[in-house]
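On a predicted model such as this, the values are computed, not experimentally measured, just so you know.
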Amino acid sequence: MSVNSVSMVDLATSLAAQATTMKAGEVSTAIGTHVLKKVMDQNELQAQALIKMIQQAPSLDGTGKHVDLSV
């Protein structure tokens, strides 16, 4: 049986190839999204650690207000 000079087998093969390509694209997008989320989460943790480190630094009150000229 032929539909517009295209056999049903060719049509089925073409559709299967398209479905496979679409699924591969979805999987690729899902993987990329997951990796990006992991990188963003890691950056967030690093930023929180940096903020905590800055908050624990000794106070710098008076910095820039006093100049030692006794040298």
Side-chain angles (χ1 to χ4, degrees):
M1 180 177 185
S2 181
V3 178
N4 293 335
S5 301
V6 176
S7 73
M8 294 300 276
V9 173
D10 291 341
L11 182 59
T13 302
S14 176
L15 289 174
Q18 286 180 339
T20 301
T21 301
M22 289 175 61
K23 189 62 176 177
E26 290 175 17
V27 169
S28 178
T29 300
I31 290 170
T33 302
H34 183 73
V35 169
L36 179 61
K37 184 177 181 335
K38 286 290 185 183
V39 169
M40 291 173 65
D41 289 345
Q42 187 177 22
N43 287 344
E44 176 69 22
L45 290 174
Q46 290 174 344
Q48 289 175 1
L50 183 59
I51 290 169
K52 185 177 179 180
M53 184 176 69
I54 290 170
Q55 289 172 342
Q56 291 176 349
S59 175
L60 300 176
D61 289 341
T63 300
K65 295 180 183 175
H66 306 285
V67 179
D68 184 3
L69 299 175
S70 64
V71 184

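With rounding to the nearest 0.5 Å, the separation of CD in E44 from CD in Q46 is 10.5 Å. Residue T21 holds its OG1 atom at 11.5 Å from CD of E26, rounded to the nearest 0.5 Å. Note that CG of D41 is 9.5 Å distant from CG of L36, once rounded to the nearest 0.5 Å.
Scanning for side chain to side chain contact (heavy atoms under 4.5 Å, CB included) contacts around L15 gives L11, Q18, with sequence neighbours left out.
Contact annotation: the side chain of Q48 never approaches that of K52 to less than 4.5 Å [non-hydrogen atoms, C-beta and beyond].
A donor-acceptor contact shorter than 3.5 Å links the side chain of T13 to the backbone of V9. In this structure a side-chain-to-backbone donor-acceptor pair under 3.5 Å is missing from S14 to D10.
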